[in-house]
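Right, one structure below, let's go through it.
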Amino acid sequence: MNAGDFWRGQRVLITGGLGMIGSTIAAKLVPFGADITLVDARIEPYGANLFNIDSIRNDMRVNIADIRDKEAMKWLVQEKDVIFNLAGQVSHNDSMQDPFLDADINYIGHLNVLECVRRHNPDALVVHSGSRLQFGRIESNPVSEAHPLRPRTPYAMNKTAAENMYMFYSVVHGIKVVMFRIANPYGPRSQMRHSKYSMVNWFIRLAMEGKPLTIFGDGSQIRDYIFVDDLAEAFISAAVSQACIGEVFNVGSGTGISFKEMTECIAKVVGKGTVRYVPWPADYVNVETGDYVTNISKLARASGWRPMTDLESGIARTVAYYQENMARYI
Ligand SMILES: NC(=O)c1ccc[n+]([C@@H]2O[C@H](COP(=O)([O-])OP(=O)(O)OC[C@H]3O[C@@H](n4cnc5c(N)ncnc54)[C@H](O)[C@@H]3O)[C@@H](O)[C@H]2O)c1
C-alpha cells in the first residue's frame with residue numbers, strides 16, 4: 001500500500017502541532033486526506049505559530065490545550081488512529097534553569113497522554129519525539145541506538161525517562177509506540193525569536209540581518225543537521241511501518257558537518273554574515289556532548305525512509321522561506 005492510500009481517512013492527533021515539526025507533518029498529511037487534529041498549548045517561548053498552518057488551516061481542527069490537562073487529553077486522544085506526540089519544552093539550557101517545568105511537560109505531560117491512550121483508546125499508535133542529547137557525551141560515531149544513554153541535562157534526562165515510559169506502556173500494556181531520538185532539526189516553520197534551540201535557524205536570522213555568527217571554540221565540533229521535511233517524512237514513514245512498532249530509532253541526516261562548515265554555508269547562501277570565534281563559555285563546556293553523527297541504518301531498514309536533502313539545499317530552502325515570511329516569526 002502506498003503512503004497516500006494508508007493515510008486517507010486516518011484520524012491523526014498531533015500534539016505540539018503548531019510548532020515546527022508538528023506543523024510540517026500536518027502539511028504533508030493534508031494532501032493524503034488524513035483527518036487531522038492539532039493540539040497545542042501555545043506556551044512561550046516555544047515555537048507555536050498559527051502562520052505555520054496558514055495554507056492548510058481549513059483542512060484540520062485546531063485545539064488549544066495542554067498535554068498535562070487530564071480532562072482535555074482524555075477526549076482528544078479518543079477516536080484517533082495515530083498520535084504524533086511533539087509537544088515539548090525544547091530548550092536544554094532552559095531545563096537547567098527550571099528542571100521542574102521540563103519534567104512537568106516532557107515527562108508528566110507525556111505520561112498523561114500515554115495514560116489517556118491506555119484508558120480511552122488503547123489501539124492508537126503513539127510516536128515520541130526524543131533527542132540525540134539523551135546519549136550525553138559521545139563515545140564513537142556514527143551513533144547507533146545501542147550507544148549508552150548518559151543524559152547530561154534535565155531535558156535529556158526527562159526525554160530518556162519519557163522514552164522508558166513509552167517502552168513500559170508498549171511492553172506491559174501492549175500500546176503501539178515508536179520512539180525517536182532526533183538530531184539537530186532546522187528549516188521552515190521554526191521559531192526565529194531566540195537562540196534557545198534550532199541553532200541553524202538562529203544563525204540564518206543573524207546572517208539575514210548582516211550580524212556576526214558567533215561560534216564557540218574553533219568551530220570543529222561536528223553535528224548532524226536534519227532538514228525538517230526529511231524529519232517529517234521519517235515520522236510519517238515510521239507510523240506506516242509495522243516493523244517500527246515498539247522500537248527506538250535515531251533520526252538524523254546521517255552526515256556529520258562541522259559548526260564552521262554549517263555557518264560558512266549559511267553566510268554563502270544568504271550572501272551576508274561573518275563568522276566570529278569566541279572561547280567556550282564554562283556552562284556550555286559542562287554539557288557539551290562532543291561530535292555527533294547519526295547512524296540511521298535501523299530506521300532506514302525498518303521503514304525504507306531516507307533523508308533527501310543536503311545541508312546547502314536545506315539552508316537555501318529555509319532562507320527562501322524566511323525571505324518571504326520573516327515578519328511572521330519575529
Ligand atoms: N527542535 C529541536 O532542536 C528538537 C530536537 C530534538 C527533539 N525535539 C523535540 O521535538 C518536539 C517538537 O519540537 P519542535 O522543534 O517542533 O519545537 P517547537 O517549539 O516548534 O514546537 C513545540 C510545540 O509544543 C508546544 N507545547 C509545549 N508544551 C506544550 C504542552 N504542555 N501542551 C501542548 N503543547 C505544548 C509548543 O507551544 C510548540 O508549539 C519537541 O518535543 C522537542 O523536544 C526538537
Side-chain angles (χ1 to χ4, degrees), residues 13-27 37-53 62-70 72-73 76-77 83-95 98 101-113 116 126-135 151 153-160 162-163 166 179-202 223-229 231-232 234-235 249-253 289 292 294 318 329:
L13 181 70
I14 307 179
T15 78
L18 292 178
M20 171 176 75
I21 303 170
S23 61
T24 307
I25 295 172
T37 305
L38 303 190
V39 186
D40 203 297
R42 301 182 79 184
I43 299 174
E44 287 294 329
Y46 313 127
N49 192 329
L50 278 169
F51 185 71
N52 282 342
I53 55 161
V62 178
N63 203 298
I64 304 304
D66 196 303
I67 59 163
R68 294 167 290 179
D69 181 334
K70 290 196 173 71
M73 292 314 298
L76 284 164
V77 301
I83 300 173
F84 293 109
N85 214 358
L86 278 306
Q89 189 299 112
V90 197
S91 162
H92 69 119
N93 284 328
D94 279 4
S95 80
D98 191 347
L101 177 66
D102 192 274
D104 203 29
I105 297 178
N106 289 340
Y107 182 67
I108 300 293
H110 281 250
L111 174 57
N112 187 38
V113 175
C116 289
V126 195
V127 187
H128 180 237
S129 49
S131 163
R132 62 112 189 157
L133 292 170
Q134 291 172 232
F135 292 110
T153 59
Y155 171 77
M157 286 173 213
N158 290 320
K159 287 286 188 188
T160 304
E163 181 187 291
Y166 277 74
M179 293 145 291
F180 275 3
R181 298 174 189 150
I182 302 167
N184 285 66
Y186 70 96
R189 297 190 172 89
S190 169
Q191 64 79 21
M192 298 293 262
R193 285 166 295 138
H194 55 73
S195 59
K196 291 172 186 286
Y197 57 91
S198 297
M199 209 56 208
V200 175
N201 279 75
W202 180 246
R223 292 289 182 268
D224 180 321
Y225 302 105
I226 178 162
F227 188 58
V228 68
D229 274 50
L231 178 55
F235 274 91
F249 297 99
N250 293 353
V251 193
S253 69
T289 60
Y292 179 86
T294 316
T318 308
Y329 289 88

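By convention here, the first residue in the shown sequence is residue 1. Both ligands and their constituent atoms are indexed starting at 1 by order of listing. Remember, it's a predicted structure, so these values are computed and weren't measured experimentally.
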Please write down residue, atom name and distance for the protein heavy atom closest to [atom].
atom: atom 34 (N) of ligand 1; result: A41 N, 3.1 Å
atom: atom 40 (C) of ligand 1; result: L86 O, 3.2 Å
atom: atom 17 (O) of ligand 1; result: V90 CG2, 3.6 Å
atom: atom 30 (C) of ligand 1; result: D66 OD1, 3.6 Å
atom: atom 8 (N) of ligand 1; result: Y155 OH, 3.8 Å
atom: atom 35 (C) of ligand 1; result: A87 CB, 3.6 Å

Once rounded to the nearest 0.5 Å, what's the spacing between atom CD1 of I83 and atom CD1 of I14?
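One gets 11.0 Å once the value is rounded to the nearest 0.5 Å.
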
Value rounded to 0.5 Å, distance of NZ in K159 from CD in Q89
8.5 Å

Please work out whether any backbone atom (N, CA, C, O) or any side-chain heavy atom from C-beta onward of [X] is under 4.0 Å from ligand 1, and answer side chain, backbone, both or neither.
X: S190; value: neither
X: R42; value: backbone
X: I43; value: both

Could you label the plane-to-plane angle of the F235 and F84 rings as parallel, tilted or perpendicular, counting under 30° as parallel and over 60° as perpendicular?
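Judged by the thresholds at 30° and 60°, the geometry between F235 and F84 is perpendicular.
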
I'd like to know if [X] contacts ligand 1, where contact means a heavy-atom distance under 4.0 Å to any ligand atom.
X: F180; value: no
X: T15; value: no
X: G130; value: yes
X: A183; value: yes
X: N184; value: no
X: G109; value: no
X: S23; value: no
X: R68; value: yes
X: R132; value: no

side-chain contact (heavy atoms from CB on, under 4.5 Å) filter on L101, not counting sequence neighbours, yields Y46, R68, D98, I105

Please list all pairs passing the salt bridge (Lys or Arg N to Asp or Glu O under 4.0 Å) test where one or both residues lie in residues 38-48, with sequence neighbours left out.
E44-R193

Evaluate the side-chain proximity of [Y] to [X]: yes if any heavy-atom separation is below 4.5 Å, no if none is.
X: T160; Y: R181; result: no
X: K196; Y: D94; result: yes
X: L86; Y: I25; result: yes

Quick one about Y329 and N201 (side-chain donor to acceptor, distance below 3.5 Å, no hydrogens or angles considered), yes or no?
no

